[in-house]
Amino acid sequence: MVGGGNSKSDISFAGTFASSAFAACFAEICTIPLDTAKVRLQLQKKGIAGDGMALPKYRGMLGTVATIAKEEGLASLWKGIVPGLHRQCLYGGLRIGLYEPIKNFYVGDNFVGDVPLTTKILAGLTTGALAIAVANPTDLVKVRLQAEGKLAAGVPRRYTGALNAYSTIVRQEGVKALWTGIGPNVARNAIINAAELASYDQVKQSILKIPGFTDNVLTHLLAGLGAGFFAVCIGSPVDVVKSRMMGDPSYTSTIDCFVKTLKNDGPLAFYKGFIPNFGRLGSWNVIMFLTLEQAKKFVKSIESP
C-alpha cells in the first residue's frame, strides 16, 4: 500500500494492480484535456525572426484548451484517450502495484521502522522504468494522436484511431518504431514515478505524524498535491524531450533532441508547458491517489474474510 511507515501490503498483488489501474484510468479521463494542451505547447517551435513572424498559435494552458476546442471541437481534447487508457492499465497498474513489493524487497523481510526516503526513491525508479518499458507503444500512439491538429480540407488523417495507429506504425516503420523515444521515456517515467510515489509516501508519512491528522481524504489530498509538484519540477525537461522525440521523427537521438531544443529554443524550453504540466500532474495525482486509496479500501473489504 502506498503510504507511510513500513506496513506490508494488506491486499493481494492482483487487488493492488486492479485498484491502481482503475485509479490511473479514472484520473486519465478527467485530466487528458490538460495533457493534450501540454503536448501541443511542447511541440510548438519558436517562430523564425524576420518579416511576418507568426505569433505562437497556442498561448498558455487555458488558451490552448480553448483554441483546440474552437478549431477542432471539444472531442479533440480527448484525443489519445484510448491509448491513454491502454497505457494507464499497463503502466499505472504495474508501477503502483509493484512499488510496495519492490520497496519491501529492498529493505528486507526483517526491516522494522520507517523506510528510508532513498529506498522509496529507488523503488519508484525501478517500477517506473519496468512499467514504461512494457507500456511504451501505448505512450507513442497517445502522443501521435494528440499531436495532430486541425487538417486542411481534403487532407486525410494520419491514423483513424488507436488500433489503426498501432498497425500503421508497425506496417510503415517496423515493430521497433513502437519503442521510439524509449530512452527519454524510461528516464522520464522512472524519475516522475520516483518523484510521485516516494514524495506521496514521504509527505503522507510526515502528515500522519502531525497531531490531529489521520489517514483520511484531506491527508491524501495534500500528499497528492505534493507528489504532483515534485514530479513536474523534476520531470519537466525529460518530458519535453520525450514529447518532441515522439511527435517529430527528425531527431536522431535523445542527446540530439536535447541539444537542438537547447540551441534553438533556449533552456526555458525544457519548462515549456510547466503550468499545464502542473495543472495536469497535480490534478492527476490528487484524483489518482484519492481514487486509489478508496479502491484499495473496497478491495480490502472484499478480500477480508
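Hydrogens, waters and symmetry mates play no part in the numbers below; they use all other heavy atoms, side chains included.
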Determine, for Asp114 against Lys209, whether the closest basic-nitrogen to carboxylate-oxygen distance falls under 4.0 angstrom.
-> yes
Salt bridge present between Glu196 and Arg95 (N-O < 4.0 angstrom) | yes
In short, Ile132 meets Asn185 closest at the heavy-atom pair CG1-ND2, 3.6 Å
Exceeds 12 heavy-atom contacts within 6.0 angstrom, atom OH of Tyr58 | yes
In this structure, OG of Ser20 is separated from CE of Met288 (nearest 0.5 Å) by 7.5 Å
Is it the case that more than 12 heavy atoms not belonging to Phe22 sit under 6.0 Å from its CZ atom?
-> no
Please confirm whether the backbone N or O of Ile287 pairs with a side-chain atom of Thr291, one donor and one acceptor, at under 3.5 Å?
-> yes
Mark yes or no for whether Ser167, through its side chain, and Asn164, through its backbone, hold a donor-acceptor pair below 3.5 Å.
-> yes
So does Phe270 have more than 12 non-hydrogen atoms from other groups sitting under 6.0 Å from CZ?
-> yes
Salt-bridge criterion met for Lys300 and Glu303 (N-O under 4.0 Å) | no
Trace of the side-chain contact (heavy atoms from CB on, under 4.5 Å) decision for Thr64 with Lys38 = CA-CA 8 Å; Thr64 304; Lys38 180 206 77 174; over 6 Å; no
Does Ser301 reach the main-chain N or O of Phe298 with its side chain, forming a donor-acceptor pair under 3.5 Å?
-> yes
Separation of Lys204 NZ from His220 NE2 (nearest 0.5 Å) = 4.5 Å
Say whether, by atom type as modelled, one donor and one acceptor occur between the side chain of Trp78 and the main chain of Ile29 under 3.5 angstrom.
-> yes
Answer with yes or no whether the hydrophobic clustering places Leu163 together with Val141; edges join I, L, V, M, F, W, Y residues whose side-chain heavy atoms lie under 4.5 Å apart.
-> yes
Indicate, with yes or no, if Val217 and Leu225 share a hydrophobic cluster defined by side-chain heavy-atom contacts under 4.5 Å among Ile, Leu, Val, Met, Phe, Trp and Tyr.
-> yes
For Thr127 and Ile102, work out which heavy atoms get closest and say how close.
-> CG2-CD1, 3.6 Å
Lys260 with Asp265: basic N within carboxylate O range, under 4.0 Å = no
How far apart are the closest heavy atoms of Leu221 and Leu290, and which atoms are they?
-> N-CD2, 4.0 Å
Stepwise side-chain contact (heavy atoms from CB on, under 4.5 Å) test for Asn189 and Asp139 | CA-CA 11 Å; Asn189 286 283; Asp139 222 358; 4.1 Å; yes
Contact summary for Thr219 and Thr214, nearest pair of heavy atoms | OG1-O, 2.6 Å
Electrostatic pair Asp35-Lys79, nearest N-O below 4.0 angstrom = no
Among Asn216, Val203, Asp215, which residue meets the side chain to side chain contact (heavy atoms under 4.5 Å, CB included) test with Leu208?
-> Asp215
Hydrophobic cluster identity match, Val186 and Ile191, side-chain contacts under 4.5 Å | no
Show the numbers, then the answer: is there a side-chain contact (heavy atoms from CB on, under 4.5 Å) between Phe289 and Leu292?
-> CA-CA 5 Å; Phe289 281 116; Leu292 176 65; 4.2 Å; yes
Going by the angle between their ring planes, with limits at 30° and 60°, are Phe274 and Phe278 parallel, tilted or perpendicular?
-> parallel
Neighbour count >12 (heavy atoms, 6.0 Å) for atom CD1, Ile255 | no
Any donor-acceptor pair under 3.5 Å from Gln88 side chain to Glu28 backbone | no
Are Tyr166 and His86 linked by a side-chain donor-acceptor pair shorter than 3.5 Å?
-> yes
Are Trp284 and Ile234 connected in the hydrophobic side-chain network, where two residues link if heavy atoms are under 4.5 Å apart?
-> no
For Gly92 against Ala24, the heavy-atom pair lying closest together = CA-CB, 4.1 Å
If we ignore angles and hydrogens, is there a donor and acceptor under 3.5 Å between the side chains of Gln44 and Lys57?
-> no
Verify side-chain contact (heavy atoms from CB on, under 4.5 Å) between Cys25 and Cys89, making sure each step is shown before the conclusion.
-> CA-CA 7 Å; Cys25 285; Cys89 279; 3.6 Å; yes
Distance (rounded to the nearest 0.5 Å) between Ile207 CD1 and Leu222 CG | 4.5 Å
Looking at Ala69 and Leu77, what are the two nearest heavy atoms and their distance?
-> CB-CD1, 4.2 Å
Kindly compute the distance separating OG1 (Thr168) from CZ (Arg144), expressed to the nearest 0.5 Å.
-> 10.0 Å
So, does Ser253 use its side chain to make a donor-acceptor pair with the main chain of Asp256 at under 3.5 Å?
-> yes
How long is the gap from CZ on Arg40 to OG on Ser76, to the nearest 0.5 Å?
-> 7.0 Å
CG-NZ distance between Leu140 and Lys242, expressed to the nearest 0.5 angstrom = 9.5 Å
Say whether Tyr99 and Thr126, considering side chains only, have a donor N or O and an acceptor N or O under 3.5 Å apart.
-> no
Taking Asp201 for its side chain and Leu197 for its backbone only, find out whether a donor-acceptor pair lies under 3.5 Å.
-> no
Aromatic ring centroids of Phe230 and Tyr200 under 6.0 Å?
-> no
